[in-house]
Peer 1: 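Below is the structure I would like to discuss, written out as structure tokens.
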Amino acid sequence: MTLPDAHSQIGSAVAVLRAGGTVAFPTETVYGIGADVSNSSAVQRIFEIKKRPADHPLIVHFADASRLHHWACEVPEQASRLAERFWPGPLTLILPRSRHVPKNVTGGQDTVGLRVPDHPVALALLTALGTEGALAAPSANRFGHVSPTTAAHVYDELGASVDMILDGGPCKIGLESTIVGFNGQTAIVLRPGGIPLAALAEVLSGKVVLPEREDRTVRVPGALASHYAPATPLELCSSVFLWPRALELATNGLRVVIMEWSSKELNDLNRAENEGIVRFAMPAEPAAYGSLLYATLRRFDHERFDRLLVEEPPDDSAWMAIADRLRRASCVPSYKIQNQDPIPRSEQEHYHEAR
Ligand code: TXA
Ligand code: MG
């Protein structure tokens with residue numbers, strides 16, 4: 001597939017959007033599929049293409065951070081500070097929606113997710129829509145699946161159901177934006193993402209709440225148990241348990257791939273160690289790991305492994321978004337060395353039925 005240069009396609013993309021069509025576009029996090037926020041049938045089409053339930057809200061993307069008050073009717077001081085510091089960038093703010101945001105965009109909720117993406121193609125497209133323009137855009141994948149980080153991923157997944165795909169190359173960050181909601185002046189991280197927690201805490205003078213410690217009053221589908229999931233059943237394993245578990249599965253005739261970050265002895269990327277078992281080295285640095293994660297999961301799906309064993313990431317806040325996505329992508333609870341039992345058959349069956 002060859003796609004024309006994205007910048008020369010902005011005019012056509014705007015025409016598609018104004019005619020009520022959908023356009024997939026690159027951002028610094030993942031590719032989104034966008035519709036004119038004010039066109040309800042175009043927004044409806046996005047839910048259909050993604051097979052996404054209608055009550056799961058979309059993020060509104062716009063170009064000019066100073067227009068925050070146009071899209072939100074109330075902006076806490078903490079939200080203004082975050083927007084000022086991180087936009088354009090991988091931050092989504094959940095705020096009370098203004099009358100410019102139709103309810104079908106927010107899944108019926110009175111709050112809206114707002115984001116100014118940091119990608120030249122996205123910004124060119126959003127700017128070309130004019131100061132009143134914005135795109136309602138979720139990630140350009142089917143509901144529950146892994147987000148796309150290249151135009152080819154979008155094409156593979158959504159094909160002709162999307163009217164146009166702008167190719168801006170691979171996404172730099174590769175994981176979705178950090179989502180922050182507010183309870184009064186308290187900022188709550190609803191989804192860890194492209195902005196490290198430490199950077200948020202710095203702007204908010206340390207006052208950041210993680211969702212585990214807070215009642216959720218807003219809906220975040222990314223928080224569903226099975227989300228961001230590849231087709232290959234994925235198990236999270238602590239380092240010491242990876243190899244015994246792989247051997248156990250291989251003995252039962254399964255083709256297994258192990259995805260490791262800590263291995264020092266793996267010097268080429270993809271090396272067969274044992275019949276039926278492939279080891280794959282990931283970067284030991286979180287930004288590099290995050291940018292490769294989804295593309296790597298897709299690659300394993302293409303190669304049709306029976307099982308993917310992922311080494312648990314370090315217990316460190318810099319890895320929080322990666323750990324979050326891996327937990328949601330896994331088909332079973334993580335297995336640690338103290339739990340040497342094989343996965344109970346009932347759980348395996350449950351997993352296969354659920355797919
Ligand atoms: O990086 C990203 O955020 C990408 C790019 C394309 O911008 N977008 C993205 O969109 O990940 P999506 O729809 O795949 O995930 C957005 C998340 C969903 O979990 C949604 O529920 C949540 O944001 N969200 C959006 N509006 C919300 C609202 N009003 N209240 C609570 N959660 C909201
Ligand atoms: Mg998504």
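The structure presented is a predicted model; accordingly, all values stated were derived computationally and were not measured. Along the sequence shown, residues are numbered consecutively beginning with 1. Whatever order the structure lists them in is the order used to number ligands and atoms, beginning at 1.
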Peer 1: Could you tell me the separation between the CZ atom of Arg97 and the OG1 atom of Thr106, rounded to the nearest 0.5 Å?
Peer 2: 5.0 Å

Peer 1: Under a 4.0 Å N-O cut-off, is there an ion pair linking Arg67 with Glu132?
Peer 2: yes

Peer 1: Look at the rings of Phe62 and Trp71 and say which category their plane angle falls in: under 30° parallel, 30 to 60° tilted, over 60° perpendicular.
Peer 2: tilted

Peer 1: From Glu176 CD over to Ser139 OG, what is the distance, rounded to the nearest 0.5 angstrom?
Peer 2: 6.0 Å

Peer 1: N/O of Thr27 under 3.5 Å from N/O of ligand 1, yes or no?
Peer 2: no

Peer 1: Does this structure show an ion pair linking Asp156 with Arg298, if we count only N-O contacts that are shorter than 4.0 Å?
Peer 2: no

Peer 1: At a non-hydrogen distance cut-off of under 4.0 Å, which region of Thr29 contacts ligand 1 (side chain, backbone, both, or neither)?
Peer 2: side chain

Peer 1: Identify whether the distance between the nearest side-chain nitrogen and carboxylate oxygen of Glu48 and Arg142 falls below 4.0 Å.
Peer 2: no

Peer 1: If I apply the N/O under 3.5 Å rule, does Tyr31 come out as touching ligand 1?
Peer 2: no

Peer 1: Which ligand 1 atoms does Thr111 reach within 4.0 Å, using its non-hydrogen atoms?
Peer 2: 28 (C), 29 (N), 30 (N)

Peer 1: Using a strict 4.0 Å threshold on nitrogen-to-oxygen distance, state whether Asp36 and Arg18 make a salt bridge.
Peer 2: no

Peer 1: Measure the distances from the heavy atoms of His56 to every atom of ligand 1 and state whether one is below 4.0 angstrom.
Peer 2: no

Peer 1: Is there a heavy atom in Thr106 that sits closer than 4.0 Å to ligand 1?
Peer 2: no

Peer 1: Between Arg52 and Pro138, is there a side-chain heavy-atom distance shorter than 4.5 Å?
Peer 2: yes

Peer 1: Between ligand 1 and Ser139, is the shortest N or O to N or O distance under 3.5 Å?
Peer 2: yes

Peer 1: Measure Arg52 to ligand 1 on non-hydrogen atoms and call it side chain, backbone, both or neither using the 4.0 Å cut-off.
Peer 2: side chain

Peer 1: If the cut-off is 4.0 Å to any non-hydrogen atom of Ser177, which atoms of ligand 1 fall inside it?
Peer 2: 1 (O), 2 (C), 3 (O)

Peer 1: Look at the N, O or S atoms of Ser139, main chain and side chain alike, and state whether any lies under 2.8 Å from the Mg ion (ligand 2).
Peer 2: yes

Peer 1: Which atoms of ligand 1 sit under 4.0 Å from any heavy atom of Val112?
Peer 2: 29 (N)

Peer 1: Within the 4.0 Å heavy-atom shell around Gly113, which atoms of ligand 1 are there?
Peer 2: 26 (N), 29 (N)

Peer 1: For ligand 1, which atoms, with element, lie under 4.0 Å from some heavy atom of Ile179?
Peer 2: 17 (C), 22 (C), 23 (O)

Peer 1: Would you say His61 touches ligand 1, if touching means a heavy atom closer than 4.0 Å?
Peer 2: yes

Peer 1: With heavy atoms only and a cut-off of under 4.0 Å, state how Arg115 meets ligand 1: side chain, backbone, both or neither.
Peer 2: side chain

Peer 1: Rounded to the nearest 0.5 Å, what separates atom OG1 in Thr22 from atom NZ in Lys50?
Peer 2: 12.5 Å

